[in-house]
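Any value given below was found using the heavy atoms of this structure, including those in side chains, with hydrogens, waters and symmetry copies removed.
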Amino acid sequence: MRYYFAPLEGITGYLYRNIHRKHFSGIDRYYSPFVVTRDGGIMKNKELRDILPENNKDVYLIPQILTNEAENFLQASGKMYEIGYQEVNLNLGCPSGTVTGKGRGAGFLKWENRTKLQRFLEEIFAHAKGDISIKTRIGWEDSEEFQDLLQLYNEFPICELTIHLRTRKEMYTEGVHRECFSLAYEKCKNPLCYNGDIRTVEDVRKLGQDFPELPAVMIGRGLVSDPGLVTRVLGQETGKEQLWEFYQDIFRAYQKELSGDTHLLQKMKELWLYMAPQFMGHEKYLKKIKKSHKLSEYEFAVHKLFEEQNLKES
């Protein structure tokens with residue numbers, strides 16, 4: 001089974017990816033936070049910088065595109081193929097209201113958008129110069145929508161179909177619909193990748209037992225929370241010392257990259273919302289991290305967390 005690191009907007013940029021790769025083994029592919037295309041497929045300089053090959057030298061990166069306009073997709077993907085990528089990923093899974101309100105991401109899955117989605121897929125697969133993978137949710141409102149979606153996806157030569165097993169309505173709060181993946185596992189004509197609620201080593205092992213021929217699994221929040229998860233799946237131990245070294249490298253990289261302590265604190269606080277629950281008794285430390293207004297207060301709280309609490313077993 002191959003292991004992929006799903007993107008998380010604002011966190012898993014190229015600095016994070018490179019440092020994660022340095023400290024933890026086992027990730028076969030990293031996916032970039034989505035690039036939002038504009039007329040002519042134009043990308044923001046910040047988005048382009050994140051996917052430039054020179055900023056991802058030791059990382060197998062798949063750039064991700066967010067759009068509902070075929071021409072914009074083809075323009076942006078053309079640029080990505082031009083700079084050396086052989087595959088791009090179409091995001092049909094983002095549930096954010098600012099995205100879905102424009103008919104993008106999971107918003108493209110609405111029934112009233114189905115004809116447009118079909119024409120969009122026909123256009124991009126007819127004219128793209130490289131491979132296209134897709135990350136999708138199982139529907140907009142109801143898991144029963146997935147059967148029709150799967151039939152649609154089966155019409156196209158998708159190099160890999162990653163299925164996040166929630167509807168857009170469920171966001172990230174409900175349990176996943178394993179029955180939908182069972183359907184895909186049986187009837188999908190394209191290579192599959194599983195996504196959704198993978199947080200522990202046992203979760204990964206259970207997935208392999210349930211779907212023994214599954215080619216790949218994509219993990220997002222579970223890996224941001226526990227960066228060594230896949231490393232342990234592969235039988236290598238990770239611990240607090242390795243996490244501390246990883247954290248120190250992340251902190252120093254952002255300190256160098258960001259202007260001023262305020263921006264640095266915002267970035268690190270966001271990361272700790274995911275990482276802190278790895279620790280026993282993390283609540284009071286996370287509260288102090290979130291309340292810190294000075295870098296010295298923040299660093300003291302983080303040091304205390306590492307010094308006084310052990311990691312949970314997973």
Quiz item: Taking the six-membered ring of Y254, is the NZ or CZ of K267 close enough (under 6.0 Å from the centre) and on axis enough (within 45°)?
Solution: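 Checked: cation-pi criterion met.
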
Self-check item: Cation over ring face, R221 and Y172, 6.0 Å, 45°
Solution: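 Verdict for Y172: a cation-pi partner in R221.
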
Same hydrophobic cluster for [X] and [Y], using side-chain heavy-atom links shorter than 4.5 Å among ILVMFWY?
X    : Y    : value
L117 : W111 : no
V230 : Y16  : yes
V35  : L92  : yes
Y14  : I62  : no

Geometric class of the [Y]/[X] ring pair [parallel <30°, tilted 30-60°, perpendicular >60°]:
X    : Y    : answer
Y247 : Y298 : tilted
W272 : F279 : tilted
F156 : F125 : parallel
F24  : H20  : tilted

What I want to check is whether the side chains of [X] and [Y] have a donor and an acceptor closer together than 3.5 Å.
X    : Y    : answer
Q118 : E155 : yes
Q64  : N91  : yes
R21  : Y60  : no
Y285 : Q309 : yes
R17  : N56  : yes
T12  : Y30  : no
E69  : T37  : no

Write down the atom of [X], the atom of [Y], and the distance for their closest heavy-atom approach.
X    : Y    : answer
L192 : P215 : O-CD, 3.4 Å
A184 : I163 : CB-CD1, 3.5 Å
I289 : K269 : O-CE, 3.2 Å
M80  : V88  : SD-CG1, 3.6 Å
M171 : R137 : O-NH1, 2.7 Å

Does atom [atom1] of [X] have more than 12 heavy-atom neighbours from other groups under 6.0 Å away?
X    : atom1 : value
H303 : NE2   : yes
Q255 : CD    : yes
E297 : CD    : yes
E213 : CD    : no
K288 : NZ    : no
E122 : CD    : yes
R119 : CZ    : no
E9   : CD    : yes

Can you tell me how far [atom2] of [Y] sits from [atom1] of [X], rounded to the nearest 0.5 angstrom?
X    : Y    : atom1 : atom2 : answer
S32  : I65  : OG    : CD1   : 8.5 Å
S292 : M268 : OG    : CE    : 11.0 Å
L121 : I134 : CG    : CD1   : 5.0 Å
R168 : E145 : CZ    : CD    : 12.5 Å
R166 : N195 : CZ    : CG    : 8.5 Å
Q86  : K129 : CD    : NZ    : 15.0 Å

Test your reading of the model: is there a side-chain donor-acceptor pair from [X] to the backbone of [Y], 3.5 Å cut-off?
X    : Y    : value
K189 : N154 : no
N55  : D50  : no
Y153 : N190 : no

Quiz item: Given S133, which of E160, E87, R29 fulfils the side chain to side chain donor-acceptor pair (under 3.5 Å) condition?
Solution: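 Among the candidates, only E87 passes.
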
Self-check item: Member of D249, T231, T238 meeting the side chain to side chain donor-acceptor pair (under 3.5 Å) criterion with H23
Solution: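 Looking at D249, T231, T238, the match for H23 under the side chain to side chain donor-acceptor pair (under 3.5 Å) is D249.
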
Quiz item: Should Y194 and Y185 be marked as a ring-ring contact (aromatic ring centres under 6.0 Å, His included) after you check the CA-CA gap, both sets of side-chain angles, and the distance that decides it?
Solution: CA-CA 10 Å; Y194 180 101; Y185 189 71; over 10 Å; no

State plainly whether the residues [X] and [Y] are in salt-bridge range, i.e. N to O under 4.0 Å.
X    : Y    : result
K169 : D142 : no
R114 : D148 : yes
R205 : D203 : no
K206 : D210 : yes

Quiz item: Are D58 and K22 close enough, and set up right, to give a salt bridge (charged side-chain N to carboxylate O under 4.0 Å, His left out), and what steps lead you there?
Solution: CA-CA 9 Å; D58 297 320; K22 172 184 171 184; over 6 Å; no

Quiz item: Can you find a heavy atom in the side chain of C193 that is under 4.5 Å from one in the side chain of Y4?
Solution: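 Yes - at least one pair of side-chain heavy atoms lies under 4.5 Å apart.
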
Quiz prompt | Step-by-step ring-ring contact (aromatic ring centres under 6.0 Å, His included) determination, F5 to Y31 | solution = CA-CA 6 Å; F5 202 143; Y31 285 69; over 10 Å; no

Exercise. List the steps, then state whether salt bridge (charged side-chain N to carboxylate O under 4.0 Å, His left out) holds for K79 with E47.
Key: CA-CA 12 Å; K79 175 65 175 177; E47 294 173 336; over 6 Å; no

